[in-house]
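Here is the naming used below: chain letters follow the sequence lines, and residue numbers restart at 1 for every chain. Being a predicted model, the structure only gives us computed values, none of them experimental.
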There are 2 protein chains.
Amino acid sequence: MASRRQEVLTAALDLLEEVGIDDLTVRRLAQRLGVQPGALYRHYPSKRALLDAMVGHIVAGAPAPAVPAGDWAGHLRAMAASGREGMLAHRDGARLLATFYDPGPDAVASFMRIVEVLRAAGAAERAAVVATDTVLAYVNGFTMEEQARRAATPRPERDRDFQAGLDLIIAGIGATLPPAP
Amino acid sequence: MASRRQEVLTAALDLLEEVGIDDLTVRRLAQRLGVQPGALYRHYPSKRALLDAMVGHIVAGAPAPAVPAGDWAGHLRAMAASGREGMLAHRDGARLLATFYDPGPDAVASFMRIVEVLRAAGAAERAAVVATDTVLAYVNGFTMEEQARRAATPRPERDRDFQAGLDLIIAGIGATLPPAP
DNA sequence: ACCTGAACACCGTTCAAGT
DNA sequence: ACCTGAACACCGTTCAAGT
C-alpha cells in the first residue's frame, strides 16, 4: 500500500526524531533503509525536496479544530495553538519550518479564512491582514525560542506564557474592532 | 592594531554578505584569507565559535537609542526596531540569530531594563516579563519571515506593517496598565 | 521500478612540522 | 604567533550498470 516514496519520508521523520536536523543526513537515512545513498534520488530529487516533504507532512498533521463562526478570537487562538503544536510535535520542528517552509495553497487558504473571520467582525481588510500576520509572527517567534532552549521550563508554564502573550495581542486587536452587538 | 582574530571575524562577516550562511564555509573563508583551512583553528576553536562571534558582533552593533525615562511604549519600540535593524543589516541575519543566538549578560541586562520600565509604569512583574517576551517573539518571528521571503515587498511597506503589528501588541499591553497620571 | 558501485566535488577538524 | 601539508571521517549528488 505504502509507496516506497512514503516509506522514505516516514524513515526521514523517524530519523529526525532520533538525531535532530543537524545530523539528518542522506547517507544516514540510506543506511537506516538498508540502501546506498544514491538510491534515494529515485524518490526525491534532492535533500531539499525531502525536507520540503517533511515540512508538508508536519503542517498537514496539525489541522485547526472547529470554532464557532462568529468567534474571531477563538479562530486566532486555534490557529496559534495548532501552529505551535505542529512544531513542538517534532524535534527541531520550529527550525525546520522556519528554514524550509514555503506556504502552499492550503496555508494561504487558512490564512485567508482567518482574515475573513476578522473582516466579518468588522475589521478593515488591511487591519485584518496585519492582525493575522502579527499572530503568526508571534507564534513562530515564540515557538522558535521555546524549542531552541533546552526545555528549561516545564510545559505547563510555557503553555501559560504562550497564552498570556497571545491574549495581549488579541486584546490589542479587539481594541481596534467595533463592539460586538 | 587589529588582531588576527579580529581580521578573521571581519572576513567572515564580509563572506556572509557575499555568499550567505549556507555557503559560509571554513574552507572558503580560509581561501579568502589566503591561508590553509586548518590555520583558522588557531583563532577560533570551531566553526560554531566563529558563528557565535559573528552573532555577538551583530547584536552589539545595534544599540538601542536613548528614550525618555517614562515612555514605556517608546522603550518597547526602540528595542523592537534595533533588534529588527540588527538582523536586516546582514544577509541571513535573522536565521543566523535564530540558530546561534545564546543571550549573553548584555542581552539579559537590556531585557531587564525593559521589564523595569514596564514595572515603573505600573505593571506587575510577571505581566512585564510576558509583555517583553511577547514583543521579542514578534520581532524575531516577523523579521525571520521578512528576510526569508526574497524581499517581494518594498522596504517602506514592510516597515509600515512591522509598526502596525507592534502597535497592536503595545495597545494590548497598554490596556493592562493603570492610566498615566 | 528500484538498487548497486563507484566516483566527484566538497565539508569540518586534527596535528605534526615548519618559520 | 601563525601557518603548511597532509590526512581523517564525513557530506550531497550523479550515473552507468545491474535485477
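For DNA chain D, the neighbouring residues in residues 37-50 of chain B, judged by any heavy atom under 4.0 Å, are B/Ala39, B/Arg42, B/His43. Of all the residues in residues 28-36 of chain A, not one reaches under 4.0 Å from DNA chain D with any non-hydrogen atom.
The salt bridge (charged side-chain N to carboxylate O under 4.0 Å, His left out) pairs that include a residue from residues 60-89 of chain A are A/Arg77-A/Asp167, A/Arg84-A/Glu146, A/Arg84-A/Asp159, A/Glu85-A/Arg155, where partners are two or more places apart or lie in different chains. Residue pairs satisfying the salt bridge (charged side-chain N to carboxylate O under 4.0 Å, His left out) criterion with at least one member in residues 44-56 of chain A, sequence neighbours excluded, are listed as follows: A/Arg48-A/Asp52. The stretch residues 60-69 of chain B participates, sequence neighbours left out, in no salt bridge (charged side-chain N to carboxylate O under 4.0 Å, His left out) pair at all. Sorted by first then second residue, the ring pair (Phe, Tyr, Trp, His ring centres under 6.0 Å) pairs that include residues 75-96 of chain A, not counting sequence neighbours, number zero. Screening residues 118-143 of chain B for salt bridge (charged side-chain N to carboxylate O under 4.0 Å, His left out) gives A/Asp161-B/Arg126, B/Arg119-B/Glu125 as the qualifying pairs, with residues at least two apart or on separate chains.
Using a 4.0 Å cut-off, no side-chain N or O of A/Arg27 falls inside it from OP1 or OP2 of D/dT13. A close approach under 4.0 Å does not occur between any side-chain nitrogen or oxygen of B/Thr25 and OP1 or OP2 of C/dC10.
Where pairing requires Watson-Crick or G-U contacts shorter than 3.5 Å, the helical stems of DNA chain D with at least three consecutive pairs are C:4-8 with D:12-16, C:12-16 with D:4-8.
What separates CG of A/Leu24 from C1' of D/dC11 is a distance of 13 Å, to the nearest Å. To the nearest angstrom, C1' of D/dC2 lies 12 Å from CD of B/Glu7.
Residues meeting the ring pair (Phe, Tyr, Trp, His ring centres under 6.0 Å) test with B/Phe162, sequence neighbours left out: B/Tyr138, B/Phe142. Scored by the side chain to side chain contact (heavy atoms under 4.5 Å, CB included) test, B/Arg42 finds no partners at all (sequence neighbours excluded). Listed by chain and residue number, nothing satisfies the side chain to side chain contact (heavy atoms under 4.5 Å, CB included) test with B/Ala120 (two or more places apart in sequence, or in another chain).
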In sequence, state the C-alpha distance, the side-chain angles, and the governing distance for B/Met79 and B/Leu136, and then conclude on side-chain contact (heavy atoms from CB on, under 4.5 Å).
CA-CA 8 Å; B/Met79 172 185 77; B/Leu136 228 64; 3.6 Å; yes

Run the side-chain donor-acceptor check on residues 92-101 of chain A: report pairs under 3.5 Å with partners two or more places apart or on a different chain.
residue: A/Asp92; atom: OD2; partner: A/Ile21; partner atom: N; Å: 2.8
residue: A/Arg95; atom: NH2; partner: A/Asp22; partner atom: OD1; Å: 2.7
residue: A/Arg95; atom: NH2; partner: A/Asp22; partner atom: OD2; Å: 3.4
residue: A/Thr99; atom: OG1; partner: A/Arg95; partner atom: O; Å: 2.6

